[in-house]
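Take a look at the structure below.
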There are 2 protein chains.
Amino acid sequence: MKTVKEVSVLTGVSVRTLQYYDKIGLLSPAQYTQSGYRLYDTAALERLQQILLFRELGFSLAGIAEILDAPDFDRSLALAQQIELLTLQAERLQGLIAFARGLQQKGGDCMDFQAFDKTKLEDYARRAKEQWGHTEEYRAAMAAEENRTPQEQERMIRDFMRIFTEFGGMKTLSCESEQVGMQVDKLQQFITDHYYPCTDEILCGLAGMYEAGGEFTENIDAAGGAGTAAFTAAAIRAHRGRSV
Amino acid sequence: MKTVKEVSVLTGVSVRTLQYYDKIGLLSPAQYTQSGYRLYDTAALERLQQILLFRELGFSLAGIAEILDAPDFDRSLALAQQIELLTLQAERLQGLIAFARGLQQKGGDCMDFQAFDKTKLEDYARRAKEQWGHTEEYRAAMAAEENRTPQEQERMIRDFMRIFTEFGGMKTLSCESEQVGMQVDKLQQFITDHYYPCTDEILCGLAGMYEAGGEFTENIDAAGGAGTAAFTAAAIRAHRGRSV
DNA sequence: TATATACTATGACGCAGCGTCAGAGTCAAC
DNA sequence: GTTGACTCTGACGCTGCGTCATAGTATATA
């Protein structure tokens, strides 16, 4: 039988936390003394181990109680779900890091999100139309484009910029790396979702425009720092080159 | 001039949040109507953009206020620090994911952390001594070892197990990958911190023991699933092999 | 036995960043 | 004048504890 302090020292959990876990019914001591002191036995300690294990894996205390108190609960399923959740968080973090690095490169003081101005975007769309305007999907997508409010368009431009800022933050990575591949997917998906169905072929075509040295190059480099456009183009080729 | 609702729709921030930002002094509207309605101008909107940018990068609202309100604040320094923070979080997440995957592989129902029992650990230490006991660093480290409480030893064993569980979760990765390399560093650092100075040479020696098929192999595979010991050995060789 | 000390218990409040609900006022249109 | 859409504010809730205040308890020492 161990007192709160002993358990605290043993496991690194604070006394207050142990009291709290008792209060919310997550971990009760084996018994109380007449004066109300908590006493923990080895069974309680083992339960605490389990609690700490799941807690570190990011489960909520309520979730841990559910897992530990329902003997028929599918632990491995819960674990699998948690792994997915953790993976999503990790991916998000990777994206954020790339984004932050991109911001850093393009210059901390002038965090300018207006570089992609509307006229240029229209120009951009016009050139795309010249190349792929004859397809039916393109015309269908354009119909949706028409009735977007200016505010929505502004937000989309910023989102678009951001993708390139993230590319900029990945310049230290290899073009072939998986993370860069995911970013290529992201770009392709974004264009498909918001502008027109972006096939691998079209994407490779865009790669050429990005590194051609014109306004596209300028805008992209403004978003992610010098060399971002070239890096993006290389990344697209590395991950889509085979299919063309 | 835009109302709260309009700003909300435009930026995706809830009305209540805008009111909250006003209350805490983070973002004040350009003016109020006689009836107390908030009205935002473009300057306020731009400030909101900045707020959202930093918020997404994980800055606290207080931190954002500090950054935006002090014109001479070093933004790029803050950004660099935040990148470090994000990187740490990402590394931690990667470790957790590997750990969770390791747990998954060794079997969800019997999450047994007692596999490394004390006698085996003593055996482990004894063999290490046979090989490197003649060095001075070893003897110094052993002095510290002596006066650890049984509880501290137990915790260390669990921590040690955990490192192998994490290795087990990385089996799908390449031995040469950077993440696995970091895990090798972690193992080496842990041994150095808690047992004896673990040189690259010693680590490679351990690798041999891990895959020799004896108790070490059993214990490590119990921690991370079948094949973990062999994977760990290969990982050590891949990242420390050159220096031996 | 008195006291010093270490430990324990409980309740209340605080933290971040809002969401939610209640009650009341406001604005424009029909 | 009434409807419906907005807006205001304050209060409370959420997670997972830390911190502080106040009070009781256990134990060793003088």
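Labels below follow one simple rule: chain letters A, B, ... track the order of the sequence lines, proteins then strands, and each chain is numbered from 1. Computed from a predicted model, the values in this text were never measured in an experiment.
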State whether a side-chain donor-acceptor pair under 3.5 Å links [X] with [Y].
{"X": "Tyr32(A)", "Y": "Asp22(A)", "value": "yes"}
{"X": "Arg38(B)", "Y": "Gln31(B)", "value": "no"}
{"X": "Arg92(B)", "Y": "Gln89(B)", "value": "no"}

Quickly work out the [X] [atom1] to [N] [atom2] distance and round it to whole Å.
{"X": "Glu6(A)", "N": "dC7(C)", "atom1": "CD", "atom2": "P", "value": "10 Å"}
{"X": "Phe59(A)", "N": "dC17(D)", "atom1": "CZ", "atom2": "C1'", "value": "20 Å"}
{"X": "Ile64(A)", "N": "dG16(D)", "atom1": "CD1", "atom2": "P", "value": "8 Å"}
{"X": "Leu27(A)", "N": "dG16(D)", "atom1": "CG", "atom2": "C1'", "value": "15 Å"}
{"X": "Lys23(A)", "N": "dC17(D)", "atom1": "NZ", "atom2": "P", "value": "14 Å"}
{"X": "Asp22(B)", "N": "dG10(D)", "atom1": "CG", "atom2": "P", "value": "12 Å"}
{"X": "Tyr21(A)", "N": "dT15(D)", "atom1": "OH", "atom2": "C1'", "value": "11 Å"}
{"X": "Leu18(B)", "N": "dG19(C)", "atom1": "CG", "atom2": "P", "value": "10 Å"}

Between the base of [N] and the side chain of [X], is one N or O donor paired with an acceptor at under 3.5 angstrom?
{"X": "Tyr37(A)", "N": "dG24(D)", "answer": "yes"}
{"X": "Arg16(A)", "N": "dG11(C)", "answer": "yes"}
{"X": "Tyr20(B)", "N": "dG19(C)", "answer": "no"}

Phosphate oxygens OP1/OP2 of [N]: is one of them under 4.0 Å from a side-chain N or O of [X]?
{"X": "Gln19(B)", "N": "dC8(D)", "result": "yes"}
{"X": "Arg38(A)", "N": "dA9(C)", "result": "yes"}
{"X": "Thr33(B)", "N": "dT26(C)", "result": "no"}

- Whether over 12 other heavy atoms sit under 6.0 Å from Glu91(A) CD: yes
- Task: On DNA chain D, check which nucleotide each of Ala62(A) and Gln34(A) is closest to and give me the residue with the more 5' one.
- Result: Ala62(A)
- Message: With nearest nucleotide decided by heavy atoms, which residue, Thr3(B) or Ser14(A), maps closer to the 5′ end of DNA chain D?
- Response: Thr3(B)
- Note on the structure: Out of dG17(C), dG19(C), dC6(D), minimum distance to the side chain of Ser60(B) belongs to dG17(C)
- Residue closer to the 5' end of DNA chain C, Ser35(B) versus Leu61(B) (nearest nucleotide): Leu61(B)
- Query: NA contact type, Tyr32(B), heavy-atom cut-off 4.0 Å: base, sugar-phosphate, or nothing?
  - Reply: nothing
- Task: Verify the ring-centre separation between Tyr195(B) and Phe160(B): is it less than 6.0 angstrom?
- Result: yes
